[in-house]
Structure formats: structure tokens, C-alpha cells
Amino acid sequence: MGTDLKIGTKKNLYDFWGNKLTKSINESLKGHQEKVLVNLASNEYFKAVKSKEVDGEIISPEFKDEKNGKLKIISFYAKKARGMMSNYIIKNKIAHAERFERV
């Protein structure tokens, strides 16, 4: 995504995909009772979405591990956790967001 690749009038891949992704997300949210998007994409890829234009709430979980006595995002484990959460949501057909307390 970070590659400087011009496509037509678009200066990079973020510009190329931004409107398309945002429009597709909004179309999908129209069919849901709860307008909630669980963002399990990496920060690099989610930057392509125009989040301020999403017609719903965006929940972006952060997966942290303890390292040297502090909680940190360790990319390898965070990526694995995002995949596991995606798998769980899909397999269990989760359709409603529960309010949760931040820790």
C-alpha cells in the first residue's frame, strides 16, 4: 500500500482504493440493523478507508502483549490475533456488537 504507484489520476494506492472501499463498506452497512464495522485490518491497510465517511461506528481493537513489564503492540502477535478474531466472528456468525469496557 505504501508504494508510490500512480494509477490514472490517483497518486497512490490509498487514493485509488479509498472511495471504492468506503462506498462498499457503506453499502454493506445499509443491510445491517447495527451500523458497526469491526476493523481488523492493519493500520497500513485501513488508512485506505475514509473512516470519517463511514456511515456507522468503527471498532478497532488493539491487541497488546506484555513486554518488559509494559503492554505493547507486537505486530506478529497482533496480526495473528486479528486473524483469529476474524475467524471467530465469521464462524460464529456474530451479528451484534456488545458494549465492552476498555482496559
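Numbering of residues begins at 1 and proceeds along the displayed sequence.
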(message) Taking side-chain hydrogen bond (donor to acceptor under 3.5 Å, both in side chains) as the definition, give me every residue that meets it alongside K50, ordered by chain and number, with sequence neighbours left out.
(response) N19
(message) Just verifying a value: how many Å separate D55 CG and L37 CG, rounded to the nearest 0.5 Å?
(response) 11.5 Å
(request) State whether the side chain of N12 and the backbone N or O of Y14 hold a donor-acceptor pair below 3.5 Å, judged by distance alone. (result) yes
(request) Scan for salt bridge (Lys or Arg N to Asp or Glu O under 4.0 Å) pairs involving residues 5-25, sequence neighbours excluded, and state none if there are none. (result) none
If you look only at distance, which donor and acceptor atoms sit under 3.5 Å apart when one is on a side chain in residues 62-89 and the other is two or more places apart or in another chain?
from	atom 1	to	atom 2	distance (Å)
R82	NE	L40	O	3.1
S86	OG	R82	O	2.9

(request) Applying side chain to side chain contact (heavy atoms under 4.5 Å, CB included), name anything that partners L21, two or more places apart in sequence or on another chain. (result) W17, A48, V49
(request) With sequence neighbours left out, write down each residue that passes side-chain hydrogen bond (donor to acceptor under 3.5 Å, both in side chains) with E27, or none if nothing qualifies. (result) K30
(request) Could you work out the complete set of other residues in the hydrophobic cluster of I90, with links drawn between I, L, V, M, F, W and Y side chains under 4.5 Å apart? (result) none
(request) Take F46 and I58 through the side-chain contact (heavy atoms from CB on, under 4.5 Å) test and state the conclusion after the steps. (result) CA-CA 11 Å; F46 194 71; I58 300 171; 4.0 Å; yes
(message) Applying side-chain contact (heavy atoms from CB on, under 4.5 Å) to N26 and V54, what does each step give before you reach the verdict?
(response) CA-CA 6 Å; N26 285 334; V54 171; 4.0 Å; yes
(message) For residues 35-46, which residue pairs pass the side-chain hydrogen bond (donor to acceptor under 3.5 Å, both in side chains) check, not counting sequence neighbours?
(response) N39-S60
